[in-house]
Protein chains: 2
Amino acid sequence: MKDKKESRREREKFRQRQEMLAAALELFSEKGYHNVSMHEIAEKAEFAIGTLYKFFKNKEDLYKSLITEQADRFHQALTKAIEEPDDEIEKLRNYVKTKREVFAANISVIRLYFAETRGASFNIKAGLDKEIRKRYDQFMHTLAAVFERGIKRKRFQKIADPYHLAVALDSLSNAFLLLWLDSPEDHPFPENPDVILNILFKGLVYT
Amino acid sequence: MKDKKESRREREKFRQRQEMLAAALELFSEKGYHNVSMHEIAEKAEFAIGTLYKFFKNKEDLYKSLITEQADRFHQALTKAIEEPDDEIEKLRNYVKTKREVFAANISVIRLYFAETRGASFNIKAGLDKEIRKRYDQFMHTLAAVFERGIKRKRFQKIADPYHLAVALDSLSNAFLLLWLDSPEDHPFPENPDVILNILFKGLVYT
DNA sequence: TCTTGACAATGTGACGTGTGATTTTATAAT
DNA sequence: ATTATAAAATCACACGTCACATTGTCAAGA
């Protein structure tokens, strides 16, 4: 019974924390770190200011938790996507497909995430940058491994270093997904994710 | 004589303005918009705060001027780079080469510029985003024209829509240049800019 | 030609005002 | 009684203003 109560309370706390983060996420992604006040977050989450501070040391801590937790979710989803299929080309297809879904469903967070990984974010004094980049780099290496294996198995030509290929695919998919999400009227979503992959797969110049 | 005096003063004012912008640039690129105060800028530029406000309506105006002026410089340099050579492949080579130089010489501004073009920047309330994107999009179209002409002249295969190819080259070059500039120890600058272009030029999968 | 002094233009920086993060104190729930 | 929540108080900081100071201009008089 004691146990049950404890865990019940635990769960309750966790739920509250999630609500706070959800409210914060919505606000941050809409207006940016510096244009959102703790008051606003508290109000949106339907808590008082003081309660926020019971859960998070300060604004920075709140933001940091938010971003890293979201980043973990993304990386987990994408890692799973490239691990599941066996064939390398299918891995890449599944990667693009999953990324498209993740982006579409979380476009607002994605922008914050980019701000952090892409440098030029000065939202918090220090630390987050490193923290996020570590995760990003880790993922980039697992993606590189796919290319490496593909080259070893003679499925891919070695047109570049595997890590470079990973960087290339990452940046290409980011660019196109943002393009499509930014203005679906001008740049509608192609049904086929191969539009992106073909840029890598096919050669531009005649040989 | 009157004329000369006038222009002398004009030039003097311009010089001061430049000094202010230079100081602001250094600070903004180091600490971000919100972590730099007008006082700091004034101090660094060795003017009094009031003087700043003689030149710029407010902080936003200062920042906006800074970014758009820099962006114009970049776009001008890059446009020139793709207009000069006659051959399409040489245009692209020259583009990458020039971009590399521009990035290397202005890495700090570049980050700010990305923050603005890549969304996720909430530095100023409104306007800049649109202003910069307009310029960016304009350039993207002139780059697309290179691909279009290349395809028409049978120098390139039509592996994708010309605009998409422009987006692809832009994002690839950004990604690699940042990679190299971020950690030259881990990822040294290849002497040959074709490292980037080959990803576009050569096909990854065997055909 | 040189000096002088009034007047304009430009530069200064202490201060008013507002905002927002964090703390403290009061209240209610368990 | 102890803990969780709410609301008000504190406190620091940064934008932008404005009355004053400084510098520069120009013409009349020595």
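No hydrogens, no waters, no symmetry mates; every other heavy atom, side chains included, goes into these values. Chain A is the first sequence line, chain B the second, and so forth, proteins listed ahead of strands; every chain is numbered from 1.
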In whole Å, I'd like the distance from the CD atom of B:E12 to the C1' atom of D:dT25.
15 Å
Restricting to side chain to side chain donor-acceptor pair (under 3.5 Å), what partner residues turn up for B:Y163, sequence neighbours left out?
B:D137
Taking side chain to side chain donor-acceptor pair (under 3.5 Å) as the test, write out the residues that go with B:R93, two or more places apart.
B:E90, B:D194
A:H34 NE2 to C:dT19 P: how many Å, rounded?
18 Å
Looking at residues at least two apart in the chain, or sitting in another chain, which of them share a side chain to side chain donor-acceptor pair (under 3.5 Å) with B:S29?
none
Go through residues 47-54 of chain B and report each residue with a non-hydrogen atom lying under 4.0 Å from DNA chain D, sorted by number.
B:I49, B:Y53
For A:D61, enumerate each residue passing the salt bridge (charged side-chain N to carboxylate O under 4.0 Å, His left out) test, keeping only those at least two apart in sequence or located in another chain.
none
Taking for B:K57 and for A:F55 the nucleotide of DNA chain D with the nearest heavy atom, the one nearer the 5' end belongs to A:F55
B:K44 meets the salt bridge (charged side-chain N to carboxylate O under 4.0 Å, His left out) criterion, sequence neighbours left out, with B:E26
Taking salt bridge (charged side-chain N to carboxylate O under 4.0 Å, His left out) as the definition, give me every residue that meets it alongside B:K134, ordered by chain and number, with sequence neighbours left out.
B:E131
By salt bridge (charged side-chain N to carboxylate O under 4.0 Å, His left out), B:K97 pairs with (sequence neighbours left out) B:E101
If you round to the nearest 0.5 Å, how far is CD1 of A:I41 from CE of A:M20?
10.5 Å
Per the side-chain hydrogen bond (donor to acceptor under 3.5 Å, both in side chains) rule, what does the pair list look like for residues 74-84 of chain A, sequence neighbours excluded?
A:H75-A:Y113
Expected output is a numbered-order residue list: members of residues 15-28 of chain A with a heavy atom under 4.0 Å from any atom of DNA chain C. What is it?
none
Which residues within residues 36-46 of chain B lie with some heavy atom under 4.0 Å of an atom in DNA chain D?
B:V36, B:S37, B:M38, B:H39
Quick check for you: among D:dG16, C:dG11, C:dA21, whose closest atom lies nearest to any side-chain atom of A:K59?
C:dA21
Considering only residues two or more places apart or on different chains, which pairs with a residue in residues 139-152 of chain A satisfy salt bridge (charged side-chain N to carboxylate O under 4.0 Å, His left out)?
A:E88-A:R149
